[in-house]
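Just so you know, these numbers use all the heavy atoms, side chains as well, and skip hydrogens, waters and symmetry mates. Labels below follow one simple rule: chain letters A, B, ... track the order of the sequence lines, proteins then strands, and each chain is numbered from 1.
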Amino acid sequence: NAGVTQTPKFQVLKTGQSMTLQCAQDMNHEYMSWYRQDPGMGLRLIHYSVGAGITDQGEVPNGYNVSRSTTEDFPLRLLSAAPSQTSVYFCASSPRGGANTGELFFGEGSRLTVL
Amino acid sequence: GDSVTQMEGPVTLSEEAFLTINCTYTATGYPSLFWYVQYPGEGLQLLLKATKADDKGSNKGFEATYRKETTSFHLEKGSVQVSDSAVYFCALSSGTSGSARQLTFGSGTQLTVLP
């Protein structure tokens with residue numbers, strides 16, 4: 001019962017470095033998304049995907065890239081990390097259509113620190 | 001745009017006390033409303049939801065009623081336990097079918113229950 005799996009759980013980067021946060025789900029969910037969680041600001045949507053080959057921007061997409069080559073995987077890429085990207089990142093998924101009850105299934109989060 | 005406002009925390013209660021966490025929202029149309037809970041070191045998980053006016057969502061002793069006239073969805077529990085200590089997020093989805101694609105979250109309320 002893996003659900004939504006995120007790696008790594010912790011990461012420290014220097015300004016300007018690049019990295020990829022991995023997200024995989026084994027529930028055959030069409031919809032996947034990335035949120036960032038900052039103190040006092042709740043969760044804000046970065047990017048989302050409604051299926052393989054389809055991605056779209058959320059509320060705070062700048063500085064992040066995504067791709068969706070398979071149903072299972074939805075990696076988030078930081079091309080040139082900045083201290084403002086220090087945050088906790090959550091990947092989430094849900095089914096579409098008739099199976100969609102409005103519930104998002106979250107991973108355990110990835111804590112990123114950019115020095 | 002859509003927005004969710006939660007009461008500011010942190011909230012500290014003694015075991016068996018009554019809990020209320022206020023949540024009000026602004027949205028177009030008829031949103032679905034959710035409460036998510038985040039236990040320490042974990043991702044968010046759905047606690048309860050309501051999809052139309054006057055619906056009451058309930059789970060694990062928690063309840064919330066969708067009040068369209070006051071645009072509110074306050075979370076209540078009659079007797080809290082130490083194990084309820086967590087961060088609680090109010091959220092809405094304004095998709096026509098309760099789609100989770102565009103969830104808007106409140107800033108979260110930290111609850112600590114003391115024995």
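Of residues 104-115 of chain B, those residues with a non-hydrogen atom less than 4.5 Å from any non-hydrogen atom of chain A are, in numerical order, B:Phe105, B:Gly106, B:Ser107.
Hydrophobic clustering keeps A:Tyr35 apart from A:Tyr89 (ILVMFWY residues linked when any side-chain heavy atoms are closer than 4.5 Å, directly or through intermediates). Cluster membership for A:Val88 and A:Val66, using ILVMFWY side-chain heavy atoms within less than 4.5 angstrom, is not shared. A single hydrophobic cluster is seen to contain both B:Val80 and B:Tyr39, as judged by linkage of ILVMFWY side chains at heavy-atom distances under 4.5 Å, directly or through other members. B:Met7 and A:Met41 fall into different hydrophobic clusters, where Ile, Leu, Val, Met, Phe, Trp and Tyr are joined by side-chain heavy atoms under 4.5 Å apart, directly or via other members. Linking ILVMFWY residues whenever their side-chain heavy atoms come closer than 4.5 Å, directly or via other members, places A:Met19 and A:Val60 in the same cluster.
Atom NZ of B:Lys68 sits in a crowded spot, with more than 12 heavy atoms from other residues, nucleotides or ligands closer than 6.0 Å. Within 6.0 Å of atom CD in B:Glu16, 12 or fewer heavy atoms from other residues, nucleotides or ligands are found, so the atom counts as exposed in its surroundings. Summarising the local packing, CZ of A:Arg77 is surrounded by more than 12 heavy atoms from other residues, nucleotides or ligands at distances under 6.0 Å.
Side-chain contact between A:Leu43 and B:Leu44: present, with at least one pair of heavy atoms (C-beta onward) separated by less than 4.5 Å.
Here disulfide bond (SG atoms under 2.5 Å apart) pairs that include residues 11-64 of chain B, with residues two or more places apart or in two chains, are B:Cys23-B:Cys90.
In terms of heavy-atom proximity, A:Gln37 sits nearest to B:Phe89 at NE2-CZ, 3.1 Å. Contact record, A:Glu103 with B:Phe34: N-CE2, 4.4 Å, taken as the closest heavy-atom pair.
Between A:Phe105 atom CZ and B:Gln45 atom CD the span is 11.0 Å, to the nearest 0.5 Å. The CD atom of B:Gln38 sits 4.5 Å away from atom CZ of A:Phe90, with the distance rounded to the nearest 0.5 Å.
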Practice item. Go through A:Leu104 and B:Leu46 one step at a time and tell me if the side-chain contact (heavy atoms from CB on, under 4.5 Å) criterion holds. Key: CA-CA 7 Å; A:Leu104 279 178; B:Leu46 181 66; over 6 Å; no
